[in-house]
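Have a look at the structure below before the remarks.
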Amino acid sequence: DAQVRAPFAGTVAQLNVEQGEFIAAGSPAFRLVDDQQQLARFSVPPQDAQALLATGLIHIPFGGLDYAAQVADSSIVPGQGRLVEMTALIYPSRTRIPNGAVTPMRYEVPLAEGVTVPLSAVRYAAAETLVFVVEDGKAVSRHVVVLAEGGGLAVVEGVEAGATVIDPLPADLIAGAAVTVIGEAARP
């Protein structure tokens, strides 16, 4: 004895009631899927959310293809203060990701900017963080501040770009020790 109208044109993905069944006021009768626009929803740590919003573009892998999407919105996940739910609008393509599909997604966000050194070149000792560089054939220690680390690399302050950093760092190396650079040195 009632007429139900969808708020937009689309495809009925799920029926919650059958013909002749009673449904309470305000209860969903069906789940409607937009045939034109696809959205991706995913959760990330809060520190990554701002960077993803600033970057704007993400890539979603599915079925051997890479779908581009524009990050559009973010909100705190209720009961999960450690995550932020993000929404991205998937750009139209000839093939579509099936509605309701789940896929792992990788993303990159800049953690810090500055001189990058291998983590194996950083020494943590007695509340100090040190990197050894080669100057005039000797090992010279530099106090550094690690701004960010990931993927075996650290972004540090306290070492000049272009300095020859000793890597891997021998455990018994002391400041002032004579060193010889062998082969081509990697520069931060």
Side-chain angles (χ1 to χ4, degrees), residues 1-122 124 129 144-158 188:
D1 294 338
Q3 188 175 29
V4 178
R5 292 181 187 241
F8 56 87
T11 301
V12 175
Q14 177 182 354
L15 280 174
N16 297 336
V17 292
E18 296 295 326
Q19 185 175 356
E21 286 185 307
F22 175 79
I23 186 169
S27 296
F30 53 86
R31 185 170 63 93
L32 189 65
V33 177
D34 187 347
D35 289 333
Q36 303 302 313
Q37 184 179 48
Q38 277 195 302
L39 297 176
R41 290 196 176 90
F42 54 97
S43 298
V44 298
Q47 63 271 20
D48 293 354
Q50 288 301 323
L52 284 173
L53 281 170
T55 302
L57 186 67
I58 59 170
H59 295 278
I60 303 167
F62 186 82
L65 299 174
D66 207 23
Y67 295 84
Q70 179 69 40
V71 178
D73 192 21
S74 68
S75 62
I76 301 296
V77 178
Q80 295 286 331
R82 294 175 291 184
L83 295 177
V84 174
E85 185 172 283
M86 309 288 294
T87 302
L89 173 63
I90 301 172
Y91 290 116
S93 67
R94 283 189 235 161
T95 59
R96 291 173 54 95
I97 297 175
N99 293 319
V102 177
T103 185
M105 182 187 83
R106 292 177 186 239
Y107 61 89
E108 291 183 12
V109 293
L111 299 177
E113 290 184 16
V115 175
T116 304
V117 299
L119 273 174
S120 56
V122 179
Y124 298 96
T129 307
V144 295
V145 175
V146 177
L147 303 174
E149 61 181 68
L153 298 173
V155 177
V156 298
E157 280 183 348

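Note that the numbering runs from 1 along the sequence shown for the chain. Computed over heavy atoms, backbone and side chain alike; hydrogens, waters and symmetry mates excluded.
When all heavy atoms are compared, the tightest approach of M86 to L53 is CE-CG, 3.9 Å. Nearest heavy-atom pair, F62 versus Y67, reported as atom, atom and distance to 0.1 Å: O-CE1, 3.7 Å. Here the closest non-hydrogen pair linking A68 and L57 is CB-CD1, 4.2 Å. The shortest heavy-atom contact between V84 and P46 is CG2-CA, 3.7 Å.
Residue E21 qualifies as enclosed at atom CD: its count of foreign heavy atoms under 6.0 Å is above 12.
When side chains are defined from C-beta on, L147 does not count as touching E113, because their heavy atoms never get closer than 4.5 Å. Side-chain atoms of V145 and V156, non-hydrogen and from C-beta on, never get closer than 4.5 Å to each other.
S27 meets the side-chain hydrogen bond (donor to acceptor under 3.5 Å, both in side chains) test with no other residue; sequence neighbours excluded. Taking T55 as the reference, nothing meets the side-chain contact (heavy atoms from CB on, under 4.5 Å) condition, with sequence neighbours excluded. The side-chain contact (heavy atoms from CB on, under 4.5 Å) check on A121 picks up P118, V165, D167, with sequence neighbours excluded. For Q70, the side-chain hydrogen bond (donor to acceptor under 3.5 Å, both in side chains) partners two or more places apart in sequence, or in a different chain, are Y91. A search for side-chain contact (heavy atoms from CB on, under 4.5 Å) contacts involving P92 returns nothing, not counting sequence neighbours. Scored by the side-chain hydrogen bond (donor to acceptor under 3.5 Å, both in side chains) test, N16 finds Q14 as partners (sequence neighbours excluded).
The structure places CD1 of I58 at 8.0 Å from CD1 of I90, a figure rounded to the nearest 0.5 Å. Note that the CG atom of L119 and the CG atom of L153 stand 7.0 Å from one another [nearest 0.5 Å]. To the nearest 0.5 Å, the span separating CG on L52 from OH on Y107 amounts to 6.0 Å. Note that CE of M105 is 10.5 Å distant from NE2 of H59, once rounded to the nearest 0.5 Å. Residue I97 holds its CD1 atom at 5.0 Å from CD1 of I60, rounded to the nearest 0.5 Å.
Here the side chain of T103 pairs a donor or acceptor atom with the backbone of P61 at under 3.5 angstrom.
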*asked:* For L83 and V44: C-alpha separation, side-chain torsions, deciding distance, then whether side chain to side chain contact (heavy atoms under 4.5 Å, CB included) applies.
replied: CA-CA 5 Å; L83 295 177; V44 298; 6.0 Å; no
